[in-house]
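The next block holds one structure in the form of structure tokens; read it before the comments.
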Protein chains: 2
Amino acid sequence: MADLGSVDALIDALRRLPGVGAKSASRMAFHLLQHDRPGAQLLSQALHRASTSVRHCARCHTFTEAEICPVCSDPERDATRLCVVETPADQAALERTGAYRGLYFVLMGRLSPLDGIGPKDIGLQQLFDRAADGITEEVILATNFTAEGEATAHVVSEGLKTRGLRTTRLSRGVPVGSELEYVDLGTIAHALADRR
Amino acid sequence: MADLGSVDALIDALRRLPGVGAKSASRMAFHLLQHDRPGAQLLSQALHRASTSVRHCARCHTFTEAEICPVCSDPERDATRLCVVETPADQAALERTGAYRGLYFVLMGRLSPLDGIGPKDIGLQQLFDRAADGITEEVILATNFTAEGEATAHVVSEGLKTRGLRTTRLSRGVPVGSELEYVDLGTIAHALADRR
């Protein structure tokens, strides 16, 4: 195909997206160039704008364009509760429930020694300082229920315990709408142990 | 999550990529912003450059930045053979085999009445004019072996036949390296019928 300079460059660049291999990248490039050039321009601008203007909230570390994110600067939120989540997407899921009016601390990752992600990379010291500000009464651990999420929750919980702070964890149990027959055994065991 | 202005805009823009839904788009945006901002900038520039500079070769319709693509303007290529493919990716696959030294005509699609893609959209008239230039001796139909690709090959073949031109089709048969036991029956039947 010889010199497809900027088409090949586009395919290479698309491969930097997670989960996109050579075939998908080539299909995406073809789609954008043949059927959706306005989409390509839009994406180009969105990438440029986000990667230059988005930074981390100085208080909760979530993505924001301001010094302090709108959630942290909202006086209506209950400052006595602090919910620890792994990513902004997890935070968004909690916000969509409408069931939580406290503040957040977003780790922007999880402890994962195999990937070289330690306490510093997820800002544990800042979390501990924040939780010990005298206002926070309860830290809710809402990391994922995966091996790494559980390990992270454990480390955070231990760190806060030595500082005399109370932590709670999202409850494990049977998902709403599911039938027991099809729920995995570990979940049923937890739901039984945590019965109320 | 309130005002995540440019993060949300990025997620929306990523969803315009084919095969990318809300969850993947959110994962991609998080990855780029948290772990690969240079990648985001690179992709932004590649998208901008490609969507402004890439056009279609005046002779074969493939993507190129020049008036005539490098393959069409290469005097070493055998101008008596013209290979009809659906996309630049198909063309690239043929080029990688190193087994073809003729020229191409890239349809940039396939006939698909249900999607409103007719003969004009894939430049059939230009193909017929090009094939009737007096130089072309053989038109090789290398559209995909799907229902739409086969239909497209049929229409091209009929159109060229009325102009007295010879067409050939890529052979169907058992893929190299495969065991008969695991090859689908239609393929085996074709391989048997086309035995040589």
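First the proteins, then the strands, lettered A, B, ... as listed; each starts at 1.
- Closest approach of A:L47 to B:A40, counting heavy atoms only: CB-O, 3.8 Å.
- Put simply, the side chain of B:R37 reaches to within 4.5 Å of the side chain of A:V54, judged on heavy atoms.
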Tell me, with the steps shown, if B:V20 and A:L17 meet side chain to side chain contact (heavy atoms under 4.5 Å, CB included). CA-CA 11 Å; B:V20 175; A:L17 295 170; over 6 Å; no
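- B:S26 is linked by a side chain to side chain donor-acceptor pair (under 3.5 Å) to nothing, counting only residues two or more places apart in sequence or in another chain.
- Proximity to chain B at a heavy-atom threshold of 4.5 Å picks out A:R27, A:M28, A:F30, A:H31, A:L32, A:L33, A:Q34 from residues 27-34 of chain A, in numerical order.
- Looking only at distances, no side-chain donor or acceptor of B:Q41 sits under 3.5 Å from a matching main-chain atom of A:S51.
- Inter-residue side-chain proximity for A:L10 and B:L43 is flagged as met; some heavy-atom pair is nearer than 4.5 Å.
- Neither A:L42 nor B:L14 shares a network with the other; the hydrophobic side chains, linked directly or stepwise wherever heavy atoms of I, L, V, M, F, W or Y lie under 4.5 Å apart, form separate groups for each.
- For residues 121-164 of chain B, no pair satisfies ring pair (Phe, Tyr, Trp, His ring centres under 6.0 Å), with sequence neighbours left out.
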Stepwise, does the side chain to side chain contact (heavy atoms under 4.5 Å, CB included) test hold for A:E65 with B:V7? CA-CA 9 Å; A:E65 282 154 275; B:V7 180; 5.9 Å; no
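- The backbone N or O of A:S44 lies less than 3.5 Å from a partner atom in the side chain of B:S44, making a donor-acceptor pair.
- Listed by chain and residue number, A:R81 satisfy the salt bridge (Lys or Arg N to Asp or Glu O under 4.0 Å) test with A:D78 (two or more places apart in sequence, or in another chain).
- Only the side chain of A:H56 has a heavy atom closer than 4.5 Å to any heavy atom of chain B.
- The minimum heavy-atom distance linking B:A9 with A:A46 is given by the pair O-CB, 4.1 Å.
- Sparse packing is recorded around CD of A:E179, with 12 or fewer heavy atoms of other residues, nucleotides or ligands lying under 6.0 Å away.
- Considering all non-hydrogen atoms of both residues, A:R49 and B:G5 come closest at NH2-C, 4.1 Å.
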